[in-house]
Amino acid sequence: MAEARRFFSTDTSDTPDNTLEGDLCCASCGIVKVDEVQLSKCPSCDLVQYCSIECQREHKPQHKQACEKRATELREEMFFKQHEGSHLGDCPICLLPLPLDCRKSRIMSCCYKQVCNGCAYANDIRELKESLEHTCPFCRRPFPRSEAAANMNVMKRVKVNDPAAIRGKGTQCYEQGDYVSAFAYLTRAAKAVDDADAHDQLGNMYSKGKGVEKDTNKVVYHWEQAAIRGHPISRYNLVLLFLTSCIGHDPSLERLKFGYMRGYVEKDDFAAALRGHQSALDAAKSPQREAADTAKLDD
């Protein structure tokens, strides 16, 4: 009997002992989840469920402390999660992680795909050997012959809501000094797919007051959103040097090395960062990319 009272009690303390209870009944009124009664989880912590907004509001004073604690834990789990590859994703041709070094990949103005130099170089060699017209290594369309034609292609991609093109247009506007348009495009990209680069650039705009008023809270918000998605510069800005070094970001590793030499980074932590850094670099290697690097040095 005591067990039955405990199981159906509405006093939800959000501990592991009553996790099952939180899954079966409303944490406020105790109504049980059945076909005609649907429960919704607390959006912040996922610990408890409610049958209505009114019950959620009524239970808030009892739930607030446990909710905030669990929400912080969930945020830290996302924040410190080690991503596979990079925030840029994979090359759409060889399917290897795209390098963080922007000089080792390029964006195709025809289809707005980001292709690694290895695949672009392999395509160049193929076209040279077979005396073919120079085309995009991904979509095989001829490259635009003028900047105006390239911009027209980008705007076509923007009109069909291509997030990469929207963010790229925002970056272009920022570089041209049109901060109002840059902010609009970057915000659109950030909202569409939580684009890490868009969040990072929005953080920079709020940090520098370019096109918007300086706002430290929004700086931290956007950099955190980018960092959670694996953006190395945002993680660097938030002093997450260990994590960024583990995904192959050279400047972060150099800062860690400096810290290790000065004695405020532990030997084991620095060693782990070195291993993670090398692992990330190895994952992004391919014979084609190495050939492209060599060919560039020979030019």
Chemist: Who passes salt bridge (Lys or Arg N to Asp or Glu O under 4.0 Å) against Asp101, sequence neighbours left out?
Modeler: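 With neighbours one apart ignored, the set is Arg103.
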
Chemist: Suppose the criterion is salt bridge (charged side-chain N to carboxylate O under 4.0 Å, His left out): which pairs have a residue in residues 153-175, not counting sequence neighbours?
Modeler: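 Salt bridge (charged side-chain N to carboxylate O under 4.0 Å, His left out) check on residues 153-175 returns Arg157-Asp162, Arg167-Asp195.
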
Chemist: Begin with the C-alpha distance, continue with both residues' side-chain angles, and end with the deciding distance and a verdict on side-chain contact (heavy atoms from CB on, under 4.5 Å) for Cys119 and Cys94.
Modeler: CA-CA 7 Å; Cys119 289; Cys94 66; 3.5 Å; yes

Chemist: Considering only Ile, Leu, Val, Met, Phe, Trp and Tyr, and joining two whenever side-chain heavy atoms are under 4.5 Å apart, list the other residues clustered with Val193.
Modeler: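 Direct or chained contacts put Val193 with none.
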
Chemist: Tell me every residue that passes salt bridge (Lys or Arg N to Asp or Glu O under 4.0 Å) with Arg188, counting only those two or more places apart in sequence or in another chain.
Modeler: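 With neighbours one apart ignored, the set is empty.
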
Chemist: Please step through side-chain contact (heavy atoms from CB on, under 4.5 Å) for the pair Met205 and Tyr174, ending with a clear verdict.
Modeler: CA-CA 9 Å; Met205 293 184 75; Tyr174 183 89; 3.8 Å; yes

Chemist: Under the side chain to side chain donor-acceptor pair (under 3.5 Å) rule, what do Ser109 and Asn153 come out as? Steps first, then yes or no, please.
Modeler: CA-CA 7 Å; Ser109 58; Asn153 282 346; 5.0 Å; no

Chemist: Give every donor-acceptor pair under 3.5 Å between a side-chain atom in residues 139-146 and any protein atom, sequence neighbours left out.
Modeler:
| from | atom 1 | to | atom 2 | distance (Å) |
| --- | --- | --- | --- | --- |
| Arg140 | NH1 | Asn123 | OD1 | 2.6 |
| Ser146 | OG | Ala149 | N | 3.2 |

Chemist: With side-chain contact (heavy atoms from CB on, under 4.5 Å) as the test, would you mind laying out the steps for Arg289 and Asn117 before giving the verdict?
Modeler: CA-CA 6 Å; Arg289 291 181 182 181; Asn117 284 356; 5.9 Å; no

Chemist: Check whether the side chains of Gln201 and Asp197 place a donor and an acceptor atom closer than 3.5 Å, and report yes or no.
Modeler: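 Absent: no donor and acceptor within the cut-off.
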
Chemist: Any chance the side chains of Ser40 and Gln49 put a donor and an acceptor closer than 3.5 Å?
Modeler: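 Looking only at side-chain atoms, Gln49 and Ser40 do not form any donor-acceptor pair under 3.5 Å.
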
Chemist: Hey, which of His59, Gln56, Lys41 is the one that makes side-chain hydrogen bond (donor to acceptor under 3.5 Å, both in side chains) with Tyr50?
Modeler: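 The side-chain hydrogen bond (donor to acceptor under 3.5 Å, both in side chains) with Tyr50 is passed solely by His59 among His59, Gln56, Lys41.
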
Chemist: What residues join Leu96 in its hydrophobic cluster, counting side-chain heavy atom gaps under 4.5 Å, either direct or through other members?
Modeler: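 Once heavy-atom contacts under 4.5 Å are chained together, Leu96 still belongs with nothing else.
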
Chemist: Kindly state each residue pair satisfying salt bridge (charged side-chain N to carboxylate O under 4.0 Å, His left out) with at least one member in residues 55-68, sequence neighbours excluded.
Modeler: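 Output for this query is empty, none listed.
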
Chemist: Around Glu130, counting heavy atoms of other residues, nucleotides and ligands shown, do more than 12 lie under 6.0 Å from its CD?
Modeler: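 Yes - once you tally the heavy atoms of other residues, nucleotides and ligands closer than 6.0 Å, there are more than 12.
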
Chemist: Looking at residues at least two apart in the chain, or sitting in another chain, which of them share a side-chain hydrogen bond (donor to acceptor under 3.5 Å, both in side chains) with Tyr121?
Modeler: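 With neighbours one apart ignored, the set is empty.
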
Chemist: Tell me, with the steps shown, if Asp293 and Lys104 meet side-chain contact (heavy atoms from CB on, under 4.5 Å).
Modeler: CA-CA 8 Å; Asp293 289 340; Lys104 295 187 176 182; 4.0 Å; yes

Chemist: With sequence neighbours left out, what residues match Lys208 under salt bridge (Lys or Arg N to Asp or Glu O under 4.0 Å)?
Modeler: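 Lys208 satisfies salt bridge (Lys or Arg N to Asp or Glu O under 4.0 Å) with no other residue.
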
Chemist: Might you confirm whether atom CD of Gln176 has over 12 heavy atoms from other residues, nucleotides or ligands at distances under 6.0 Å?
Modeler: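 Above 12, so yes.
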
Chemist: Listing request: all ring pair (Phe, Tyr, Trp, His ring centres under 6.0 Å) pairs with a residue in residues 190-209, at least two apart in sequence or in separate chains.
Modeler: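 Qualifying pairs: Phe183-Tyr206, His199-His222, Tyr206-His222.
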
Chemist: Could you pull out all residues at least two apart from Asp178 that satisfy salt bridge (Lys or Arg N to Asp or Glu O under 4.0 Å)?
Modeler: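 Asp178 satisfies salt bridge (Lys or Arg N to Asp or Glu O under 4.0 Å) with no residue once adjacent residues are dropped.
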
Chemist: Residues sharing Val154's hydrophobic cluster, by side-chain heavy-atom contacts under 4.5 Å among ILVMFWY, directly or via others?
Modeler: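 In the cluster with Val154 are Ile107, Tyr112, Met155, Val158, Ile166, Tyr185.
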
